[in-house]
**Student:** 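One structure, pasted below without further comment.
Counting from 1, the numbers follow the sequence of the chain as shown.
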Amino acid sequence: MTAQRSRSDSEAATALRTHRAGALTRDDVGAAVRLGGWVHRSRDLGGIVFIDLRDRAGLVQLSFDPRWTPPEVMTRAASVGAETVVLVNGTVAERPEPARDTAMRSREVEVHVRGLEIVGPAVTPAIPVGRKEGEELPAEELRLRHRVLDLRRPELQANLILRHRLFQRARRTLSDLGFLEIETPILTKPTPEGARDYLVPSRVHPGEFYALPQSPQIYKQLLMVAGYDRYFQIARCFRDEDLRADRQPEFTQIDIEASFVSADDVQLVVERVLADLWAEAGVSVPTPFPRIAWRDAMERYGVDKPDLRYGFEIRDLTALVGADAAPFVSEATGRGGRVRGILAPGAATASRKELDAFAAGAKQAGAGGLIWARRTGNGWEGQGVKAIGEAALTALGGADGDLLLAVVGVDGVTSPALHAVRSGLIQRPGVVATTRHAFTWVVDFPLFERDETGRHVPAHHPFTAPHPDDIARLDRDPASCRAQHYDAVYNGNELGSGSIRITDPVVQQRIFGLLGLDAAEIAHRFGFLLDGLAAGAPPHGGFALGFDRIAMFLAGASSLRDVIAFPKTTAARALFEGAPVRVDPADLAALHLRPSGEA
């Protein structure tokens with residue numbers, strides 16, 4: 001009982017240690033302590049040895065001095081290598097005044113060591129765990145191959161500790177709001193949701209496959225049909241798609257669904273969750289978030305996830321263009337195109353190199369070229385004067401020092417091109433954000449998009465309810481229908497998406513039909529959903545927050561891989577584990593599969 005009581009004084013206390021190394025403070029001076037951790041770095045000053053001991057709480061200095069350290073311990077301390085795991089015991093003392101680091105409480109003290117035991121000998125690390133200020137990290141591929149060492153870095157440990165705290169805060173918030181945490185299946189039925197499924201062959205049912213869920217979408221809707229009212233899950237999701245820095249084949253989302261709600265109700269819940277997550281990271285977020293319609297976002301910013309920390313709004317210049325415009329401009333506007341541009345205050349100082357970079361970004365986005373003109377004390381100058389005409393520029397107004405960057409064409413060209421231009425303007429030196437944290441809702445998305453073949457495809461997923469005012473046009477003009485869909489956007493990044501769901505099985509079948517599915521395919525793929533809806537479905541809607549992305553932003557990381565313990569590369573490889581791998585033919589045979597290349 002005595003040992004148990006002594007260990008209960010600290011959540012870190014065990015039979016082998018009394019404290020975490022990085023948690024010691026001046027309050028512990030004079031205390032006898034037992035510590036366990038990794039040798040971060042050591043210094044032998046000729047008769048006195050100092051070791052920085054590291055654990056997840058941080059660093060503390062161990063002092064080995066013949067005045068308090070036995071000779072055999074001094075010898076052992078002088079030979080211990082980096083990343084070796086040791087147990088030590090000694091007494092906490094204040095560090096000498098010149099050596100104190102008041103920015104780190106554990107660096108105000110040191111431990112005068114009496115005993116040292118090596119419990120985890122380590123080979124020479126393949127990559128350094130501790131690095132000096134300004135020293136560059138090893139290449140990411142090398143760090144991923146030696147991920148266990150990389151995960152010891154204080155930066156990554158801080159990221160994953162923050163990730164844990166964010167998880168717990170989300171759970172508390174949603175539980176306080178009456179949501180029930182319910183798990184849904186990982187092995188499920190293949191259903192089209194916008195990406196390719198990861199398929200899992202069944203051993204007991206030859207030739208049949210499970211799919212790993214792209215999201216718990218259908219299951220959470222069925223939970224509403226089953227009467228659970230408010231559901232959430234920290235859900236693992238899987239999508240077999242091309243990767244980039246902010247995308248992984250397996251990812252985590254905070255999945256939410258609620259019954260008898262409007263879009264506003266769902267958005268209020270999501271705002272509460274996001275405000276609490278940012279508060280957990282020390283940032284106060286004002287709510288409610290502003291709302292912007294999808295069409296307005298595309299018109300003013302050229303993208304459906306606008307970065308509202310900056311101005312540089314897109315303007316329609318078509319009405320200003322007169323008879324003195326260049327023929328290519330007149331021809332484009334005559335075919336239904338528009339002249340749209342950004343009047344950037346004070347950007348007339350842009351160099352030729354910068355203008356070429358803006359033009360390259362516009363061309364990469366599909367534009368034929370970029371029109372530019374700068375306003376000086378002598379009026380407008382640049383190739384834009386001939387392109388859109390002196391009259392248009394005069395009517396545009398502006399002030400000396402302004403720069404106009406414009407594109408001509410259909411909206412499908414000018415919007416992405418000017419978004420690229422705006423992104424370049426934002427990155428110019430000296431451009432200052434009006435706020436550090438800009439949240440917004442983008443609402444009233446289109447219900448459908450057209451793919452490269454001209455076929456209708458869901459703008460998001462096929463379970464999104466059409467806007468009530470647009471249902472009458474669903475069959476005759478589906479492209480004009482709006483969705484009851486909403487995105488949460490932060491600093492130009494989508495944090496998550498949600499919608500009010502279709503609850504009428506007849507409407508759901510109409511949507512499937514518009515997507516080109518026949519009755520047999522609808523029954524095969526979605527029969528269980530339609531049966532559920534036909535059993536009596538309450539109005540419901542939900543949302544899914546990209547948790548990895550949120551953790552990345554709040555940790556100040558540049559990649560999702562810095563907030564995931566064992567991530568994949570952009571080639572979907574797990575370098576540390578060495579996955580994926582070829583499977584033994586006998587294992588394939590047990591799954592009724594043949595090795596690739598066999599007939």
**Student:** Side chains of Gln214 and Cys237, heavy atoms from C-beta outward: is any pair under 4.5 Å?
**Tutor:** no

**Student:** If you measure from OG on Ser284 to NE2 on His437, what distance do you get to the nearest 0.5 Å?
**Tutor:** 9.5 Å

**Student:** Between Thr84 (side chain) and Pro121 (backbone), is there a donor-acceptor pair under 3.5 Å?
**Tutor:** no

**Student:** Side chain of Thr91, backbone of Gly30: donor and acceptor closer than 3.5 Å?
**Tutor:** no

**Student:** Over all heavy atoms of both residues, which pair between Asp562 and Ala557 is shortest? Give the atoms and the distance, please.
**Tutor:** CB-CB, 3.8 Å

**Student:** Does any part of the side chain of Asp240, heavy atoms only, come nearer than 4.5 Å to the side chain of Pro249, both counted from C-beta?
**Tutor:** no

**Student:** Hey, is the main chain of Gly46 close enough, under 3.5 Å, to the side chain of Asp44 for a donor-acceptor pair?
**Tutor:** yes

**Student:** Determine whether a donor-acceptor pair (N or O, by modelled atom type, separation under 3.5 Å) exists between the side chain of Thr75 and the backbone of Pro71.
**Tutor:** yes

**Student:** Nearest 0.5 Å, please: how far is CD1 in Ile218 from CD in Gln221?
**Tutor:** 7.0 Å

**Student:** For residues Pro216 and Leu223, determine if any side-chain heavy atom of one lies less than 4.5 Å from a side-chain heavy atom of the other.
**Tutor:** no

**Student:** Taking atom CZ of Arg43 as the centre, report whether more than 12 heavy atoms of other residues, nucleotides or ligands fall under 6.0 Å from it.
**Tutor:** yes

**Student:** Report yes if some heavy atom in the side chain of Leu177 is under 4.5 Å from a heavy atom in the side chain of Phe232; otherwise report no.
**Tutor:** no

**Student:** Supply the atom-to-atom distance Glu140 CD to Arg561 CZ, rounded to the nearest 0.5 angstrom.
**Tutor:** 4.0 Å

**Student:** Indicate whether the side chain of Arg272 and that of Thr173 have a donor and an acceptor atom separated by less than 3.5 Å.
**Tutor:** no

**Student:** Take atom CZ of Phe238 as the centre, draw a 6.0 Å sphere, and report whether it contains more than 12 heavy atoms from other residues, nucleotides or ligands.
**Tutor:** yes

**Student:** Do any N or O atoms from the side chain of Asn89 and from the backbone of Val33 form a donor-acceptor pair under 3.5 angstrom?
**Tutor:** no

**Student:** Can you give me the closest heavy-atom contact between Ser63 and Thr69, atom names plus distance?
**Tutor:** O-OG1, 4.1 Å

**Student:** Could you check Val88 against Arg114 for side chain to side chain contact (heavy atoms under 4.5 Å, CB included), going step by step and ending with a plain yes or no?
**Tutor:** CA-CA 8 Å; Val88 300; Arg114 291 188 298 275; over 6 Å; no

**Student:** Could you state the interatomic distance from CG (Leu495) to CG (Asp487), rounded to the nearest 0.5 Å?
**Tutor:** 9.5 Å

**Student:** Do Asp255 and Arg236 meet the salt-bridge criterion of a basic N to acidic O distance under 4.0 Å?
**Tutor:** no

**Student:** Hey, does Arg143 have a side-chain heavy atom less than 4.5 Å from the side chain of Ile127?
**Tutor:** yes

**Student:** Sorted by first residue and then second, give each ring-ring contact (aromatic ring centres under 6.0 Å, His included) pair with at least one member in residues 40-73; sequence neighbours left out.
**Tutor:** Trp68-His112

**Student:** Evaluate the side-chain proximity of Arg239 to Phe251: yes if any heavy-atom separation is below 4.5 Å, no if none is.
**Tutor:** yes

**Student:** What's the separation between atom OG1 in Thr18 and atom CG in Leu35, rounded to the nearest 0.5 Å?
**Tutor:** 6.0 Å

**Student:** Can you list every ring-ring contact (aromatic ring centres under 6.0 Å, His included) pair that touches residues 130-187, not counting sequence neighbours?
**Tutor:** Phe167-Phe547

**Student:** Tell me, which pairs form a salt bridge (charged side-chain N to carboxylate O under 4.0 Å, His left out) where one or both residues lie in residues 576-592, sequence neighbours left out?
**Tutor:** none

**Student:** Pairs in or reaching into residues 62-71: which pass salt bridge (charged side-chain N to carboxylate O under 4.0 Å, His left out), with residues at least two apart or in two chains?
**Tutor:** Asp65-Arg67

**Student:** Under the criterion side chain to side chain contact (heavy atoms under 4.5 Å, CB included), I'd like the reasoning laid out for Asp229 against Met224: C-alpha separation, chi angles, the key distance, then a yes or no.
**Tutor:** CA-CA 6 Å; Asp229 190 67; Met224 297 302 101; 5.8 Å; no

**Student:** Are Leu529 and Phe463 side-chain neighbours, meaning at least one heavy-atom pair lies under 4.5 Å?
**Tutor:** yes

**Student:** Can you see which heavy atom on Gly81 is nearest to which on Val39, and at what distance?
**Tutor:** O-CB, 3.6 Å

**Student:** Show me the pairs that pass salt bridge (charged side-chain N to carboxylate O under 4.0 Å, His left out) and involve residues 544-556, at least two apart or across chains.
**Tutor:** Arg163-Asp548, Asp246-Arg549

**Student:** Apply ring-ring contact (aromatic ring centres under 6.0 Å, His included) to residues Trp278 and Phe553 and explain how you reach the verdict.
**Tutor:** CA-CA 10 Å; Trp278 259 251; Phe553 292 140; 7.5 Å; no

**Student:** Is Tyr486 reaching over with its side chain to a backbone N or O of Ser499, donor-acceptor style, under 3.5 angstrom?
**Tutor:** yes

**Student:** Is it true that Arg26 and Glu94 have a side-chain N and a carboxylate O under 4.0 angstrom from each other?
**Tutor:** yes

**Student:** Output all residues satisfying side chain to side chain contact (heavy atoms under 4.5 Å, CB included) with Phe289, sequence neighbours left out; order by chain, then residue number.
**Tutor:** Glu271, Leu274, Val285, Thr287, Phe439, Trp441

**Student:** Answer yes or no: does atom CZ of Arg203 have more than 12 heavy-atom neighbours from other residues, nucleotides or ligands under 6.0 Å?
**Tutor:** no

**Student:** Just verifying a value: how many Å separate Arg230 CZ and Leu174 CG, rounded to the nearest 0.5 Å?
**Tutor:** 9.5 Å

**Student:** Taking the side chain as everything from C-beta on, heavy atoms only, tell me whether Leu156 gets closer than 4.5 Å to Asn159.
**Tutor:** yes

**Student:** With sequence neighbours left out, what residues match Glu136 under side chain to side chain contact (heavy atoms under 4.5 Å, CB included)?
**Tutor:** none

**Student:** Within the distance-only criterion (no hydrogens, no angle test), does the side chain of His540 pair as donor or acceptor with the backbone N or O of Glu257 below 3.5 angstrom?
**Tutor:** no

**Student:** Asp28: what forms a side chain to side chain contact (heavy atoms under 4.5 Å, CB included) with it, not counting sequence neighbours?
**Tutor:** His19, Leu24, Thr25, Val92

**Student:** Not counting sequence neighbours, list each pair that qualifies as a side chain to side chain donor-acceptor pair (under 3.5 Å) and has a residue in residues 177-188.
**Tutor:** Arg171-Glu181, Thr184-Gln233, Thr188-Tyr219

**Student:** Does any pair with a residue in residues 258-270 pass side chain to side chain donor-acceptor pair (under 3.5 Å), and if so which ones, sequence neighbours excluded?
**Tutor:** Ser262-Asp265, Gln267-Arg291

**Student:** So, Arg196 and Glu241, do they make that salt bridge, N to O below 4.0 Å?
**Tutor:** no

**Student:** Walk me through whether Val283 and Arg436 qualify under side chain to side chain contact (heavy atoms under 4.5 Å, CB included).
**Tutor:** CA-CA 10 Å; Val283 178; Arg436 290 182 56 202; 5.7 Å; no

**Student:** Between Lys305 and Glu494, is there a side-chain N and carboxylate O pair less than 4.0 Å apart?
**Tutor:** no

**Student:** Which pairs count as salt bridge (charged side-chain N to carboxylate O under 4.0 Å, His left out) when at least one residue sits in residues 69-92, sequence neighbours excluded?
**Tutor:** Arg54-Glu83, Glu83-Arg152

**Student:** Would you say Asp55's side chain and Ala21's backbone share a donor-acceptor pair under 3.5 angstrom?
**Tutor:** yes

**Student:** Looking at residues at least two apart in the chain, or sitting in another chain, which of them share a side chain to side chain contact (heavy atoms under 4.5 Å, CB included) with Pro201?
**Tutor:** Phe209, Leu591, Leu593

**Student:** Between Val200 and Leu187, does the side chain to side chain contact (heavy atoms under 4.5 Å, CB included) criterion hold? Intermediate values first, please.
**Tutor:** CA-CA 8 Å; Val200 181; Leu187 295 175; 4.1 Å; yes

